[in-house]
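Notes follow the structure.
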Amino acid sequence: MAGELESCKPLSGLLSGLAQDAFYGHPGITEELLRSQLYPDVPIEEFRPFQAKMRGILKSIASADMDFNQLEAFLTAQTKKQGGITSDQAAVISKFWKSHKTKIRESLMNQSRWDSGLRGLSWRVDGKSQSRHSAEIHTPVAIMELEIGKSGQGILRQDTIHGNNMEL
Amino acid sequence: QLIDFQWKLGMAVSSDSCRSLKYPYVAVMLKVADHSGQVKNKSFEMTIPQFQNFYRQFKEIAAIIETV
């Protein structure tokens with residue numbers, strides 16, 4: 001059974017699944033799903049600590065935003081640990097991090113943004129000739145539509161900026 | 001109507017999900033008055049690339065408004 005867990009082919013898939021769950025917030029990626037898809041012959045009691053170990057390693061790497069030197073040092077240390085990983089597994093993890101690092105980092109940055117973001121911006125410049133409230137003739141006006149909201153929502157605001165007051 | 005525009009350049013150093021975040025951002029606070037004169041605050045955050053686009057748009061507006 002241990003041989004199954006050491007095999008490297010499904011490890012890449014496991015890391016992907018763990019990343020989907022831990023970093024991208026994809027729902028429904030359960031332990032059982034990962035086991036049945038990737039390690040169908042491994043019993044759950046063995047799979048559980050194994051995937052926990054891999055998840056822990058992945059989280060440590062992402063949390064420290066490791067560069068490649070740090071990654072090599074970290075993974076080497078993991079291979080030397082009691083109950084750690086094999087050097088083949090270290091190679092798979094290294095390859096995974098190198099190709100997913102940017103995307104995972106972006107996802108973590110988004111997770112730490114709690115304020116609304118600017119989701120869209122459009123604008124128009126009007127040459128106003130007359131206004132109900134003022135007698136100004138020909139005052140250029142910039143009208144901006146900012147879409148401000150948290151991911152998954154959108155709130156439209158309209159702001160009017162008078163041309164004469166604009167200084168950049 | 002835009003009453004005030006405040007900004008802040010921040011650097012997120014660390015968070016519970018990522019110890020080494022190192023993420024710069026621009027936070028903006030707009031004070032906007034509606035037709036009745038009621039003033040509301042609107043705040044939002046931009047990544048640096050988003051801010052650069054934001055700034056480019058404003059420059060374009062400024063250039064066009066000069067010509068109108």
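Sequence lines set the chain letters: A, B, ... in the order given, protein chains first and strands last, and positions in each chain run from 1. Below, each value reflects all heavy atoms present in this structure, side chains not excepted, and no hydrogens, waters or symmetry copies.
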Atom group of B:Q57 that falls short of 4.5 Å from chain A, counting heavy atoms: both

A:L118 portion near chain B, given a 4.5 angstrom heavy-atom threshold: both

Ring-face cation of A:K103 near A:F23 (centre distance under 6.0 Å, axis angle within 45°): no

A:K101/A:D65 salt bridge by N-O under 4.0 Å criterion: yes

Test side-chain hydrogen bond (donor to acceptor under 3.5 Å, both in side chains) applied to B:Q52 - qualifying residues, sequence neighbours left out: none

Portion of B:S15 that has a non-hydrogen atom of chain A nearer than 4.5 angstrom: side chain

Hydrophobic cluster partners of B:Y25 (side-chain heavy atoms under 4.5 Å): A:M109, B:L21, B:Y23

